[in-house]
Structures are given as C-alpha cells and as structure tokens.
Protein chains: 2
Amino acid sequence: MSEVILAEGLQNPEEQVLKRENLTEKDFKKIIRQMGLKVTQQRLVILETLAEGRVHVTAQEVFEIVNDKFPEMGFATVYRFLRKLTENNFVTEVRMGGLPARYELTPKRHHDHLTCVQCGKIVEFENQEIEKLQEQVAKKFGFELTNHVLELYGKCRDCQLNSKRKEA
Amino acid sequence: MSEVILAEGLQNPEEQVLKRENLTEKDFKKIIRQMGLKVTQQRLVILETLAEGRVHVTAQEVFEIVNDKFPEMGFATVYRFLRKLTENNFVTEVRMGGLPARYELTPKRHHDHLTCVQCGKIVEFENQEIEKLQEQVAKKFGFELTNHVLELYGKCRDCQLNSKRKEA
DNA sequence: AATTAATTGAAAATTATTCTCAATTAGTTT
DNA sequence: AAACTAATTGAGAATAATTTTCAATTAATT
C-alpha cells in the first residue's frame, strides 16, 4: 500500500525519506515489460531508486544516487527512462518555473502539490474539503469529474527568510 | 471542435486576436512606473503587444512581433521585462512540460478551468471557497502563496448523453 | 551459439533563458 | 535647456536542463 506521510509542520521536505511503495524486482520487471521495453540493470536500478529514495527527485539527483550503486550509468539513460516512465504514467513529473523537473512514482493515493517558486521544494498535501468543492463545481456545470490538477505556488519559509536576510 | 464558454463575452483565446483589456499608453506608463521602472519605448511596445496580440505568447513570439514595430529591440529586453512583469503579477506565466513559458496580461478576474476530456469544451469558473482553502493549506506549511493552477477534467453533460446513446 | 534489434554511455547539440558589459537614454537637477 | 547619474539597452557570451547522435554493447529470440 502506498503510505503518504504528511508530517504536520514538516520543516524540510527535501530531507524526508519515505518508502511509499513496497515494490520488488518482480514488480519493476513487470512495469518495464508493460511499456514494451527490455529489462536492463540500469532500468531496474532507476526504478529501485525511485521506489526507495527521496520523493520528488530531479533527474540529476536520480543519476547521482544511482551512480553510487551502478557507476557505469550515464545520465542520458536516466533522462531517457524517466521520460518513458512519465509517458506511461508510472512516474509523475512536476515542473516549476525554469527549475529542473522533479519526479515521483505515481502515487496510488491522490495528493496535490505546494511548490516553492524560489528553490523548487515541494510539499504534498491532501485536502478533502477542496476535493469536495471541486466535485460541487463540476456537478454545477453538469460535468462528471474524472481527475484534476491542483498546483499551489509560493515562497517557502526558508526562502522568505533568505529574502529578508538579503534585504537587511 | 473545442468550445470555450467564457463568462464575460470573451472570444476563444486560441483562435481570435482579442483585446482582453482596453489599455492605452497612459495605462502602460502607469504600470511601468508602479514597478519603479523607467518608461522606455521598448517597454511600451512590449506591453502594447501583450495587450493587443494573441493570448499565451512565448517570449520568442513577443520578440518577433515586437521586432516588426521596433527593429532595434533585443530579445534580452523582452525576457527581462517579461520577468519583471511576472514578478509584479501584471503578467501571468504559464509553463507546460519543458516547453517555452507562455505569457498573458494577468486577467483582472481570476478563474480556473473545467475541461471536458471528450470534446475539449472549457468552462471557466471562480470559487472563493476553494481559494480560501488553498490559502489555508499554504499557511499551514509556512508558504506565502503567489499563485496556483487548478484544472478540473471530466465529461460534460452532452458527452455523457452521447456515451449513453451509443451504449443503447 | 548465432542473430538482431534495442539499449547504452559519452560527448556533442539543442533549447530556453540569463548574464555581462560598454554604450545609450530617461528622468532629475541645475 | 544643458548637465548629470543611474537605469536600461542590445549583442553576444554563458549557463542549465534536456535531447540527440552514434558506435559499441547487451537482452531477448531463434
């Protein structure tokens, strides 16, 4: 089961390490084959990294982590495979401003994102009230809701402090 | 094909050249001064272009359009000014995938979109309650909210009926 | 084991955007 | 209106993220 840890007052989401999926090599192979691709060591390691590692990682970060376990890995392979995974919806890509894209294994449980416009930090949240209101809006216009994208953008606490420090 | 239902008698942004705002040089100067900047020919021409031209233009497109009226304009000036306008919220930046950012003069009235996944029909809506809840979420995580994207996807009434007709 | 088509790493290429810097210009002061 | 000064400019170099190229390697098939 996917377990989303929503720490109240979590200060530094960059550092949170969580295991959201409990996937084995068998699952990874299945995912790769479902996309009509060949099973390779590098693809398995990338998936392993996504499943076990920090949540919203950039391609560069995946490359660096993966490079430890598998030093002959090239970053082009990481980019290529992340793109494929995104196209097939196994991975969700979050983009903000000109900052590097961040990736996560598509969670089974829905959540939305709160992204820092300055440093790209991402906080996940769930809000049942908002979900309900969305349903109401859809109903009002005669729509049967299938999905939605809600991305909030703002300045995180750290970046707010940094700005003030510079001003002084 | 795709039908856009717009609250205030606006036309389809994709197809028509529309004047969302009816702004004069006086307004442009005011905008520039409000940002604490000097009024220059290039800034006026850029604003004019944004106000009169197509909606959702890229920086390159702005540069090309502007270049006709004002050939000595450099693209760095366009980028620089668009950034300033965005920072000051006179312009809204929309980013999609790795594609170049698109810009539009920030509409006076904020709205979100409800899109039919079958026929592409778009309904614009406003919901103050959702907005408020978004603020609350941001606050809870220590963020200072700057903007957001909310896109609802579903099946519109017509398409629901069409599906049922086919099934029968 | 032989075959072949996909995959890989390394480096080059590309794309969007930002930065640098000397020359110009807007707005102010005289 | 001329002088002043700090902001703005254009051109091109620089940067950063991502994609492409291509020859060598490897997974899956025969």
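First the proteins, then the strands, lettered A, B, ... as listed; each starts at 1.
Here the P atom of nucleotide C/dA6 and the CZ atom of A/R33 are 17 Å apart, to the nearest Å. Atom NZ in A/K84 sits about 11 Å away from atom P in C/dT8, given to the nearest Å. For the pair A/L37 CG and C/dT8 P, the interatomic distance rounds to 9 Å; values are reported in whole Å.
Nucleic acid contact for B/L99: none, since no nucleic acid atom lies under 4.0 Å from a heavy atom of the residue. In this structure, B/R80 reaches the bases: a heavy-atom distance under 4.0 Å links it to at least one base atom across the strands shown. A/Q60 comes within 4.0 angstrom of nothing in the nucleic acid, heavy atoms only.
Linking ILVMFWY residues whenever their side-chain heavy atoms come closer than 4.5 Å, directly or via other members, leaves A/I65 and A/F70 in distinct clusters.
Counting only heavy atoms from C-beta on, A/P100 has its side chain closest to D/dT18 among C/dT17, C/dG27, D/dT18. Comparing atom distances between the A/R95 side chain and each of D/dA28, D/dA7, D/dT18 picks out D/dT18 as nearest. Closest to the side chain of B/K38, out of C/dA5, D/dA6, C/dT8, is D/dA6. Picking from C/dA10, C/dG27, D/dT8 the nucleotide with the shortest atom distance to the side chain of A/A76 gives C/dA10. The side chain of A/R43 sits closest to C/dT8 out of D/dT8, C/dT8, C/dA16.
Partner of B/V91 under the side chain to side chain contact (heavy atoms under 4.5 Å, CB included) criterion, out of B/L47, B/L85, B/I31: B/L85 alone. Between A/H56 and the choices A/R102, A/K121, A/E93, A/H113, the side-chain hydrogen bond (donor to acceptor under 3.5 Å, both in side chains) rule is met once, by A/H113.
Phosphate proximity of C/dT8 to A/T40: present, with a side-chain N or O under 4.0 Å from OP1 or OP2. Close to C/dT18, at under 4.0 Å from its OP1 or OP2, lies a side-chain N or O of B/R83. For A/Y79 and D/dT18, the shortest distance from a side-chain N or O to OP1 or OP2 is below 4.0 Å. Residue A/T58 places none of its side-chain N or O atoms closer than 4.0 Å to OP1 or OP2 of D/dA17.
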Exercise. Given the rule in the side-chain contact (heavy atoms from CB on, under 4.5 Å) test, do A/L133 and A/Q136 qualify, once you have shown the distances and angles that lead to the verdict?
Worked result: CA-CA 5 Å; A/L133 286 167; A/Q136 281 176 26; 3.8 Å; yes
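One side chain, B/H148 or B/D112, offers a donor N or O that lies under 3.5 Å from an acceptor on the other.
Each of B/A59 and A/E72 was matched to the nucleotide of DNA chain C holding its nearest heavy atom; the match closer to the 5' end belongs to A/E72.
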